[in-house]
Amino acid sequence: MAKTYFLLLFIILTLSSILNLAFTTKLNFTTDQSSLLAIKDHITFNDPDHILAKNWTTTTTTTTTTSFCNWVGVTCGARHLRVTALNLSYMDLSGTLPPHIGNLSFLSSIDFSFNNFYGHLPQEFSQLRRLKIITFSKNNFSGVIPSWIGNFSKLEILFLAYNSFTNLPKEIGNCRKLEALLLGTNQLSGAIPSTVFNLSSLEYLELGYNHFSGSLPNDMCKNISNIQFLKFTSNKLQGRLPSSIGKCTNLQEISFGENKFVGGIPTSFGRLTKLKKFYAYNNTLTGLISPIFNISSLELISVGGNNFSGDLPIDICDKLPMLRYLYIYKNGLTGSIPRDIWNCSFVKLDLSNNYLTGRVSREIGNLDDMIYLNMGSNSLYGEISHAIFNSTKLQALDMFDNKLSGNLPSDFDFWLPNLQEMLLWGNKLSGGFPSSISNSSDLFWVDVSDNFFSGFIPSTFGNLRQLKFLDLSNNKFTTQSGFIDQWGFLTSLTNCKRLILFDISYNPLNGILPGAVFGNLSTSLEQLYFDNCQLRGKIPIEIGNFTNMISFSLSGNELIGSLPITIERLQRLQLLHLFNNKLHGSIPHALCNLQNLFELVISENDFSGPIPSCITNLTSLRRLYLDSNKFSTLSSSLWGLNDILEVSLSSNAFRGSLPVTIQNLRTLIYLDLSSNKFSGDIPTTLGDLQTLQYLSLSNNKLQGVIPESLGSMVSLLSLDLSNNSLSGVIPQSLVKLIYLTNFNVSFNKLKGRIPIEGPFRNFSAQSFMGNNGLCGSTRLQVPPCKNSSIHEHKSKTIVILEFVLPTIVNGELFHTMNCSMQRMGLGMTCY
């Protein structure tokens with residue numbers, strides 16, 4: 001009987017457990033499913049046919065199932081059928097995280113990276129205590145990283161990079177199992193919590209591209225000896241590099257670049273025997289460069305933009321046999337480039353902007369694997385070894401701003417099939433330019449300006465179909481004058497449809513621009529310069545074809561005719577330079593349609609007539625130079641360009657009074673109205689131009705006094721009022737112009753004492769000559785001023801008597817005044 005009872009009890013308990021388990025499983029099944037559907041409800045689908053929109057559903061069809069464990073991105077555990085992993089990465093989703101996500105209590109991995117989720121992390125997220133992996137990189141999450149992140153004791157990987165988080169809590173130090181912490185490219189600021197450096201399991205730390213400040217702890221590596229990747233790029237960190245860096249012996253990559261670190265490389269740096277990549281560019285590090293070259297495992301060194309000094313080691317290849325990438329630009333390196341360096345297996349080498357000297361060794365041709373070579377802005381001299389022009393893998397050859405001489409190799413020797421950029425400007429290279437340049441069909445940037453190249457420009461440039469930037473300026477190139485195809489090179493360039501910049505300035509081309517060819521150049525052109533090329537004839541009307549043009553200059557030529565009205569098609573134009581030609585006629589109204597025009601310089605021509613009133617339409621205009629022409633009428637609309645910075649109207653035929661509305665130019669810094677026929681008074685409103693630094697009204701017919709208000713022009717550096725008919729005294733208010741370094745009021749009709757305070761202490765006699773009424777210091781070559789004269793006292797007394805005496809009724813006060821006047825010699829009785 002007892003056995004039967006216990007057997008029955010066991011069966012009941014077993015059935016109860018089974019039923020309870022089934023109920024719990026059903027409940028948990030429903031909970032997870034509801035949480036997932038809540039996440040779906042908070043997602044915005046740009047595509048209604050998105051796979052997630054159709055797949056995450058409880059509706060049974062021939063292609064879907066009611067089990068959420070089979071939904072896209074969902075992984076369930078085999079035992080409890082609970083969601084253990086959720087991966088929605090790279091699905092182009094946007095939305096927020098609902099609080100229901102906290103009900104996925106078995107979740108150990110979540111990956112929402114590379115989407116557009118936004119908002120804050122919900123508090124309920126902190127309930128997911130089983131989480132080992134959190135990957136939310138490349139979204140738009142914002143706000144602080146919550147302090148409850150420290151509750152995830154099992155967390156191993158935390159990827160929150162490329163969001164807008166603003167704070168890293170110290171509680172992150174509680175995640176003792178954390179192996180990878182990637183928080184780069186956020187808005188994190190303040191000091192890096194010291195608790196980060198207590199995460200003994202940490203192998204990968206990425207905090208770059210934030211706003212962290214302060215210094216790194218000197219004992220940084222004391223507790224993170226397992227660290228392999230340490231990245232602090234582009235923050236505001238300062239101080240010295242941690243001396244304990246040598247204790248991080250497992251380090252493979254360090255990045256301290258773009259911060260404010262100072263001092264030298266720590267001596268313990270040499271213990272990092274596993275280090276492969278070292279970035280410390282754009283800091284203020286100092287000392288000798290040599291300690292960096294003691295780690296044989298290094299494959300990349302990037303320390304450009306510092307103040308390192310000293311010579312390059314002569315045995316650099318022996319010390320660093322694995323080195324492939326070396327960037328030491330913008331430092332203070334001296335000495336010559338070791339010959340041994342050309343026996344390294346470099347892929348990229350940048351030694352630009354240092355003080356290196358000497359010749360470039362012929363061994364430069366040994367760099368068979370080199371794709372990028374930059375030795376620009378040094379003091380290298382001698383010929384460029386022709387061997388470098390047979391480096392078949394080379395993509396960039398930059399040796400600009402040196403003292404290199406000689407010729408480029410002949411056509412036969414020029415073979416750089418993968419070359420993309422060649423920057424040789426600022427040297428002393430000469431001879432012809434090899435037509436075999438066309439072998440480098442991938443070239444997109446060629447700059448050989450400021451050399452002594454001569455001869456014809458190769459028409460083979462037209463074979464460079466990828467060409468975007470071509471600068472041949474300041475050489476001795478010529479055209480084939482007298483030949484039918486004089487402008488053959490220009491014709492060939494019409495094939496370069498991607499050309500953005502073409503500068504041929506300061507070459508003796510000597511000819512007339514062929515309009516048909518000129519107009520067929522790339523419509524992609526944004527910058528075109530033909531300055532000082534001995535061009536004749538008219539500006540081609542085909543200029544209107546360049547609808548993408550931003551900067552256009554034909555200055556310093558012998559061009560005639562008027563400005564083509566087709567210029568109005570250049571709606572993107574910002575800079576127009578046509579100065580020093582023989583252009584004539586009036587400014588066409590078409591010019592007023594260039595709404596983006598920023599700088600207009602047409603000085604030194606024969607333009608005439610009025611300045612059109614429509615010039616006020618040029619609201620983007622900041623620099624206007626119309627000097628040395630024959631303009632006669634000045635439109636009042638000019639003074640409506642409220643944001644203009646520089647105006648030069650000198651050496652024209654303008655006449656009449658200066659307008660009081662000149663005060664509207666409140667941002668003006670340069671104004672030259674000299675050598676015209678302006679008359680009348682200087683308007684007092686000039687004093688309102690408090691940003692003005694240069695003012696010249698010289699060589700006009702101005703009269704009246706110098707306004708006291710000019711003393712309010714507190715930014716003034718130069719003031720020239722010479723060669724007018726100004727009278728009166730030099731205002732004492734001008735002594736307040738503390739930045740004034742150039743002052744000229746010569747050849748006027750000024751009188752009185754020359755001020756001696758402020759900037760007047762530094763002016764010479766040339767500033768005041770030709771004013772017979774001025775007096776002052778003998779060093780200014782003017783008569784000394786007399787002490788208080790009787791005449792001066794008489795005039796002052798008359799004023800006193802006229803305005804004060806009628807109000808005096810007290811006899812004693814009148815007696816005192818009489819005695820005072822007697823002492824002044826005015827003959828009145830003192831009684």
Side-chain angles (χ1 to χ4, degrees), residues 257 277 279 281-282 299-305 312 323-331 333 337 341-354 356 360-378 380 383-404 406 408-409 413-427 429 433-434 436-451 453 458 460-461 463-473 496 498-503:
K277 297 179 180 180
Y279 300 91
Y281 57 91
N282 294 351
E299 299 174 1
L300 181 150
I301 298 174
S302 179
V303 292
L312 289 169
L323 192 62
R324 299 293 181 270
Y325 304 87
L326 179 60
Y327 306 92
I328 321 182
Y329 57 87
K330 292 184 181 178
N331 276 281
L333 300 185
I337 299 175
I341 203 170
W342 309 119
N343 294 319
C344 298
S345 300
F346 285 123
V347 175
K348 293 186 177 182
L349 174 63
D350 192 343
L351 303 176
S352 63
N353 290 276
N354 282 285
L356 299 171
V360 180
S361 171
R362 290 183 58 84
E363 281 79 2
I364 192 173
N366 296 340
L367 300 173
D368 295 334
D369 295 323
M370 181 77 75
I371 64 173
Y372 178 86
L373 175 61
N374 191 345
M375 297 190 293
S377 292
N378 282 286
L380 304 174
E383 295 187 2
I384 302 176
S385 172
H386 289 189
I388 190 63
F389 294 97
N390 285 312
S391 301
T392 56
K393 294 182 181 180
L394 196 63
Q395 297 178 11
L397 176 60
D398 299 342
M399 304 181 75
F400 54 86
D401 194 22
N402 279 287
K403 301 174 183 178
L404 300 170
L408 294 184
D413 294 327
F414 197 101
W415 181 247
L416 296 171
N418 291 297
L419 196 64
Q420 296 180 17
E421 71 176 52
M422 182 169 70
L423 309 182
L424 302 178
W425 57 266
N427 282 287
L429 300 172
F433 200 87
S436 56
I437 187 72
S438 58
N439 291 335
S440 304
S441 57
D442 289 334
L443 265 173
F444 74 90
W445 189 2
V446 177
D447 190 342
V448 294
S449 61
D450 298 301
N451 280 287
F453 289 114
T460 51
F461 270 116
N463 297 332
L464 304 177
R465 303 304 170 88
Q466 307 302 318
L467 194 61
K468 292 184 177 181
F469 310 100
L470 177 58
D471 193 341
L472 307 177
S473 63
C496 302
R498 299 186 179 187
L499 196 61
I500 294 174
L501 178 149
F502 179 41
D503 191 347

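We use all heavy atoms of the structure for the numbers below, so side chains are in, but hydrogens, waters and symmetry mates are not. Quantities reported herein were computed from a predicted structural model and do not represent experimental measurements.
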For [X] and [Y], work out which heavy atoms get closest and say how close.
X      : Y      : answer
Gln466 : Phe444 : O-CB, 3.3 Å
Ile371 : Lys348 : CD1-CE, 3.7 Å
Ser438 : Asn463 : CB-ND2, 3.7 Å
Met422 : Leu443 : N-CD2, 4.0 Å
Trp342 : Ile337 : CZ2-CG2, 3.7 Å
Leu312 : Leu333 : CD2-CD1, 4.0 Å

**Study point:** Contacts of type salt bridge (Lys or Arg N to Asp or Glu O under 4.0 Å), residue Asp368, not counting sequence neighbours
**Key:**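 If we apply the salt bridge (Lys or Arg N to Asp or Glu O under 4.0 Å) test to Asp368, skipping adjacent residues, there are no hits.
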Practice item. Only counting residues at least two apart or in another chain, list the ones meeting salt bridge (Lys or Arg N to Asp or Glu O under 4.0 Å) with Glu383. Key: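 Per chain and number, Glu383 pairs via salt bridge (Lys or Arg N to Asp or Glu O under 4.0 Å) with no residue.
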Would you say [X] and [Y] make side-chain contact, with heavy atoms under 4.5 Å?
X      : Y      : value
Leu416 : Asn439 : no
Leu423 : Trp425 : yes
Leu419 : Gln395 : no
Leu408 : His386 : no
Leu397 : Ile388 : yes
Leu326 : Phe346 : yes
Ile301 : Leu323 : yes
Tyr325 : Val347 : yes

Counting distance only, does the side-chain N/O of [X] pair as donor-acceptor with the main-chain N or O of [Y] below 3.5 Å?
X      : Y      : result
Asp471 : Ser473 : yes
Ser440 : Asp442 : no
Ser361 : Glu363 : yes
Asn343 : Ile341 : no
Asn427 : Asp450 : no
Asn374 : Gly376 : yes
Asn378 : Leu356 : yes

To the nearest 0.5 angstrom, please state how far the [atom1] atom of [X] sits from the [atom2] atom of [Y].
X      : Y      : atom1 : atom2 : value
Glu299 : Ser345 : CD    : OG    : 12.0 Å
Ser385 : Leu404 : OG    : CG    : 11.5 Å
Phe389 : Ile364 : CZ    : CD1   : 9.0 Å
Arg465 : Cys496 : CZ    : SG    : 7.0 Å
Phe469 : Asp503 : CZ    : CG    : 13.0 Å
Asn353 : Ile328 : CG    : CD1   : 13.0 Å

Point to revise | Leu373 vs Met375, side chain to side chain contact (heavy atoms under 4.5 Å, CB included): CA-CA, chis, key distance, verdict | key: CA-CA 7 Å; Leu373 175 61; Met375 297 190 293; 4.1 Å; yes
Practice item. Give the ring-plane orientation class for Tyr327 versus Tyr329, where under 30° counts as parallel, over 60° as perpendicular and anything between as tilted. Key: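 Rings of Tyr327 and Tyr329: perpendicular, over 60°.
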**Study point:** Ring centers of Phe461, Phe433 separated by less than 6.0 Å
**Key:**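 Ring centroids of Phe461 and Phe433 are less than 6.0 Å from each other.
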Point to revise | Trp445 atom CH2, neighbour heavy-atom count above 12 within 6.0 Å | key: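 No, because the 6.0 Å sphere around CH2 of Trp445 holds 12 heavy atoms or fewer from other groups.
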**Study point:** Test item: side-chain donor near acceptor, Asn354 and Asn331, under 3.5 Å
**Key:**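 No, no side-chain donor-acceptor contact under 3.5 Å.
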Check your understanding: Please walk me through it: do Leu501 and Leu499 pass side chain to side chain contact (heavy atoms under 4.5 Å, CB included)?
Key -> CA-CA 6 Å; Leu501 178 149; Leu499 196 61; over 6 Å; no
Point to revise | Listed partners of Asp447 passing side-chain hydrogen bond (donor to acceptor under 3.5 Å, both in side chains), at least two apart | key: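 Expected list: Ser449.
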